[in-house]
Each structure stands twice: as C-alpha cells, then as structure tokens.
Amino acid sequence: MKRIALLGMPNTGKSTLFNRISGASARVGNWPGITVDLMSAKILIGGHIAALIDLPGIYDLHGFSEDEQVVRHFLSNNAVDLVIVLLNSSQIDRQLSLVLQIKKLNIPAVLALNMSDEAKQSGITIDADSLALSLKMPVLQMSAKYGDGLPKALEAAANIINLNVPASNPQLISQLLQEDNQIEQEMQSLIQHCVQIPTTLTNNTTDKIDEILLHKWLGLPLFFFAMYVLFQFIFTVGKPLQDGLAWLLQLFRNNALEPIFANSPHWLSGLMLDGVYTGVATVAAFVPIIVLFFLVMSMVEDSGYLSRAAFLMDALMAKMGLDGRGFVMMLMGFGCNVPALMGTRIMRSRPMRLLTMLVIPLSLCSARLQVFIFMITALFTSQQAPLVLFALYVTSFLTMFLTALLFQGQFKNAEPFILELPPYRFPTLRQIVLRGWLEVKHFLVRASKFIVIGVIMVWALTNFPSNVPPASIGTFAGQIGALFAPILDPLGINNQLAIALIFGFVAKEIVIGALAVIYGLQGDALMSQMATQIDWVQAMSFMLFALIYTPCLSTIATLKNESKSSAFMWLSIAWSLGLAWLVSFFFYQGARWLGF
Amino acid sequence: MQLLSQLKKGEHAVISGIEAEEYLFHRLSALGFRVGKSLSIIRRANFNGPIHVRLGTTDVILRSAEAARIHINNLSD
C-alpha cells in the first residue's frame, strides 16, 4: 500500500483538507517510532490504494516541540511515497520554509496553497507556475474549506504516485534531518520572484472584530458571556436529547429485552440487563453531549476565537501553570467532564495538558448536580438550599485551583506561550458535523469496553452473594462498605451511603437510584427516611466527598485514553480520593467540634 | 535599544536581536521573528497578560517573558 503524508503549519486548514479527502472513513492509528495517535484514512488515488496520514501541524521540521519531534520520528521510521505540503497562501512569506525543508529530504512532494481566496482578498498574488518551476514540484492553489482546486491537487498527487518512484528511505531521512541547512536565503529569493505582497493588508474585518472582542475591559465579560451562552446551548439542547435516548433505551429494555430474559435464570437476566445493558446505556447517555460539545468546540476553534480566549485569560492562568485554552476546557467540565477532557487535545504541550486533565475531574458536573439537588432538598430548608449549592461550587473551584498550584511543579510546561492569532473564519457545516461524528466514534471505540466492564463489576458486587437482598449490607459491596467503615466513619458516612458511593463510581446519575434500592424506598419517602437517618453535617460531608472523588467510570476511561498512561489515571484517582477524604474529614470533624 | 516587552500599544519597531535558547529561537523564527523584520504592537492584555504583535502578514500573541528575549529598535520615538 502507498503512503501519503499530509504536512503543514498549524492553522493552515490541514485537518479540513484531511477530512475533505477522507470523508468519515478516518480512524486513529499507531505508527512506529511515535507515541501519539495519528489520524489516517484509506483513499483511492491514481489506481492505487493509499493510506493518507494527517501529521500534526508544525512550524519547523527542525523544531523542538513535541509535535515537531513526532513528525521527525514519523518520517525517520516510516517510508512515505508522497508528502502533500499544505500552506496558508496569505502567509506564504513565512511558511515556505517548511516546503524547502521537505524538498531537502528528497521526498516526492506536492505543494498545495490553501486559502487562496483569503490571499486574493488581501491582495496577495502568487505565481504558482514559476514557483513550481523553481521548486521542481507541482504547486496548486486551492480551498480546503470549499473544495475548490482539490481535484487538480489530487490529480497531481496521483501522477506522482503512478510514477512508482521508490518510497522514502527512513534511515536516509533520519540522517538528512540532522543536517542543518541554508533555507533562509532560498526562501527570500523565491518570495521576491514569485509572490507579491501589499505593504498594508486590505482585509481588516478581523481587526474590527478584535477591537471589540479583545477590548481592554469588555473582552473578559464578553468572553464569559459567550461561554455562558454556549454552555446553555449544549445543555439545554443536550438534556432533552439525553432524556429521549434514555426513554428509548428503557422502552427497548421493557418491551424487548425483559420478555426475552423473563424465563432465564435470575443471575443471567441480572447480568444481561443490569450489567451489560446498563453499561451500554451509560455509554449511550454521553453521545448527545459529546456531539453537541464538539459541534460547539469546533465552531469556537475554527472561528479563531479560542486563541483569543487564551489571550484574555492568560494573565490569570499562567500563575497556575496553565494557559488560557485550558480555562475553556475547565469551564466546559462544569457541564460534563468527558468531552472537556477530550477537548484538552487542543493543547500541544503534554505536561500542561496532563495538568489540565488532572484539574477537570474536580469540576462540579451536571450529573453530580443531580445528586446534590436531591440531598439538599432532603436535608436543607429552601432558604439554605441555594447557599449550600453555592458553597459546593466554590469548593469545586477551590479544589481545582489547589490541584493546579500543587501539581504545576510536577507537570512543568516547557513550551513557550507563543500563539498565532488566525483571522476570524466561518467554519462550514460539513467541517463541524464531521468533527462531532469523529469524536463520538473515538469515544465509543475507546471507552465503551471499559465502561461496560465496570458496570458489570458494580452489578456483581451489589448482587452477590445471591442469598441476600441486592445492594444490602450482606452483599460484597456492603462488605466492602463495612471494610471501609474505619475510614469512612470519621467522615460521618454510614454503610448505606458508602454503598451509594461505590455506585457513584460508575456514574453519579445512578447514585439516587442506588439509594432507592439500598433503602427500598423512592422519591419523597426516600427523602424523609434519609432525613431521619442522617443529619445535615453528615449530608454535607457526603456531598463534599461525592463532589471531589472520582466523577465516573467514563471520565476515568477518558483520562486513560487521552493520557495513554495508566499511571496518570491512577494518580488522578488516588489524588481525588485522598483530597475528598481530607476535605470531608476536616469539614465533618470541624463541624462536630464546633457543636453542630 | 529596547526590548519587545517594553513597547506600548501602537508602537512600531524593528527586531535587532533575539536572545533565546535553541527551542524558543526556532519557534520564534518559524512565526516570523527574525532580525531586521519590522513589527507593531496591536494591544496588550490587562494585568501584564500577553502582547499582541503583528509581523508582516502574521498576528502573534506572546507572554512578556518571551517578549523580553527580543531586542528591538523603537521606530516610534
């Protein structure tokens, strides 16, 4: 199979081009010599089947960022038949260096000049033919976003592929990459001969928008307002979708699955319905939120606003060892931790990304909110309720800041904060939808197995041994609860609540359901029963623990996938459990000491 | 001679030197920071936040710490 690599600087529309060529057939894959996953797709080109690989966007083949190393290691370990270099036409004066670096490696290449429409608007004219003659490679102007010029570019690529020149020799490339070269001068002379750039750019729409969005005092309020609107959009649209999906899944269970398993042994129907099927439903519940989240995120990202958010928030975030882009993800975590963790992929520095991923699970997500509202309604008056909820949100923020401050030494960010501000662009619908679809696929492939197995385990713990009532003190879960009693008693968390916490490990959504099973009561009856069994100090301690300890199995699965490190996953679990215990302990003992 | 980090909004300057370790130097030069290039300050964020710089066709934001590595000749004086 032929291999074609797609290379370009960040913000040149490389992913857009990749998606346009590959459609929805792209998948994530591992490659020799590198530790990160790259997107690739099988495409038909010039009568050959070829793998098209989307390399990370880089500024410089000789640079030292993680992405630049990934590209170097990829080329030094994998033979490629063709490199398609994608440049942003309006910045060709700067970006041409990448083409020259590839040319030095003697890999067959095609140069695609993207965003030719934008360049034209700015008054930049590029003589593609003379550039092609000087570079000795096909040069084609195109628009990845609208697809103009793409057939010609693919034709040029097919012609090279059909020549069947031997693929690049990774060892040779590895040697060549070590030599430094004199690209600067060559670039200057090419630009002088083939490109005309007006002294002042005529496209100033972006400047006008920036005057408002990056305004000294209005910028931040506008940013928070925009975040609030997006947040509301995701969750007001997402909630009915999630409810509808849950209703459908329940309908399927009641009308199709339960009759099927009606006559099978109790353990089998339990395993299939409460174990496997509940697991599937848990996974499915995330799909609408992930789709919506990435619809919105790709809009924010592709429009160019994300780098502006970084500009606005950086002064504060830098103190915590994070940057402004991490803040957007932290905010999104208050809706749902899972897509927020996936969204940290926009951060290119691994230490900073890990630090952000350590912080996100501490945000009070909407699933935890359900638990808190139930507990608060059961144990507090309606005057106290808003204050209690507010206190929980404040605690959430404080634990996030504390975690970032404590761990910023371990996850020291080595990348300098230098970001390009791309002009504002309208993302196309196709771009947005494709992104949402790919992310969901990614989540389903990576996380579903982990989550289903976890749900089955909790089902088994709460249903065996089978001679005692499910979720009672006699089950394995109850025994574990009793085992942890010496640890949980100082927090005022009794055995029943401890079992609920074990359920809560799967998903916070099922904590209330679990309490209903444990107490054998529902709704108001459950609330009044709980009010007689525990007092407000215990309830608050339980809520603090539920707020800080591991959010849910899906979050853990995502943490593991995104960090590609079990050690990091365990660190996150251990840290959040430890912190949860400490906070609850000090709260409970402190409140008791004060006489409450 | 001044540092890029000392420039105010609206000022123009020419880069006279870049003092950075190889890693930072590469990143800066890939984004267009090279000796002899002219630039202007579009805006500065509050609370000593990032600086928004325009070089030719490219807009870049960077922190003061990194901007302090770039020596410039101020053209606005």
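Below, all heavy atoms of this structure are taken into account, side chains as well, without hydrogens, waters or symmetry copies. Letters A, B, ... are given to chains in the order of the sequence lines, protein chains preceding strands, and every chain is numbered from 1.
Summarising the geometry, atom CG belonging to A/Asp207 is positioned 6.5 Å from atom CG belonging to B/Asp59; distances are rounded to the nearest 0.5 Å. One distance of note links CD1 of B/Ile42 with CG of A/Leu214; it measures 11.0 Å at 0.5 Å rounding. Expressed to the nearest 0.5 Å, how far CE of A/Met9 lies from CG of B/Leu31 amounts to 8.0 Å. Between the CG atom in A/Leu419 and the NE2 atom in B/His52 there is a gap of 11.5 Å [rounded to 0.5 Å]. From B/Arg34, atom CZ reaches atom CZ of A/Arg94 across 9.0 Å, with rounding to the nearest 0.5 Å.
Using a 4.5 Å cut-off between heavy atoms, A/Asn88 makes no contact with chain B at all. With a 4.5 Å cut-off on non-hydrogen atoms, B/Arg27 touches chain A through its side chain but not through its backbone. Using a 4.5 Å cut-off between heavy atoms, B/Lys9 makes no contact with chain A at all. Contacts of A/Leu316 with chain B are absent, with no heavy-atom separation under 4.5 Å from either backbone or side chain. Within the 4.5 angstrom heavy-atom criterion, only backbone atoms of B/Ile51 (N, CA, C, O) approach chain A.
Between B/Leu24 and A/Ile418, the closest side-chain pair of non-hydrogen atoms falls below 4.5 Å. Annotation: side chain of A/Glu211 is in contact with side chain of B/Arg43 (closest heavy-atom distance under 4.5 Å).
Heavy atoms of other residues, nucleotides or ligands lying less than 6.0 angstrom from CZ of B/Phe25 number 12 at most. Other residues, nucleotides and ligands place more than 12 heavy atoms under 6.0 Å from the CD atom of B/Gln6. The number of heavy-atom neighbours closer than 6.0 Å to CZ of A/Phe225, taken from other residues, nucleotides and ligands shown, is 12 or below.
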Legend entry - Derivation and outcome, side chain to side chain contact (heavy atoms under 4.5 Å, CB included), residues B/Thr57 and A/Gln95: CA-CA 11 Å; B/Thr57 56; A/Gln95 301 200 345; over 6 Å; no
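A pairwise comparison of heavy atoms in A/Ala315 and B/Phe47 identifies CB-O, 3.6 Å as the closest pair. Between A/Asp60 and B/Ala30, the shortest heavy-atom distance links the atoms CB-CB, 4.3 Å. Between B/Arg63 and A/Leu322, the closest heavy-atom pair is NH2-O, 3.5 Å.
A/Phe397 meets the ring-ring contact (aromatic ring centres under 6.0 Å, His included) test with A/Phe334; sequence neighbours excluded.
Side-chain N or O atoms of B/Asn46 include one that pairs as donor or acceptor with a backbone N or O of A/Lys216 at under 3.5 Å.
Of the listed residues (B/Ser64, B/Pro50, B/Gly49), the one with the most heavy-atom contacts under 4.5 Å to chain A is B/Pro50. Comparing A/Asp314, A/Ile58, A/Leu220, A/Leu312 by how many heavy-atom pairs each has under 4.5 Å with chain B, the most go to A/Asp314. Options B/Leu28, B/Val53, B/Leu55, B/Val60 differ in how many heavy-atom pairs under 4.5 Å they form with chain A, and the most are formed by B/Val60.
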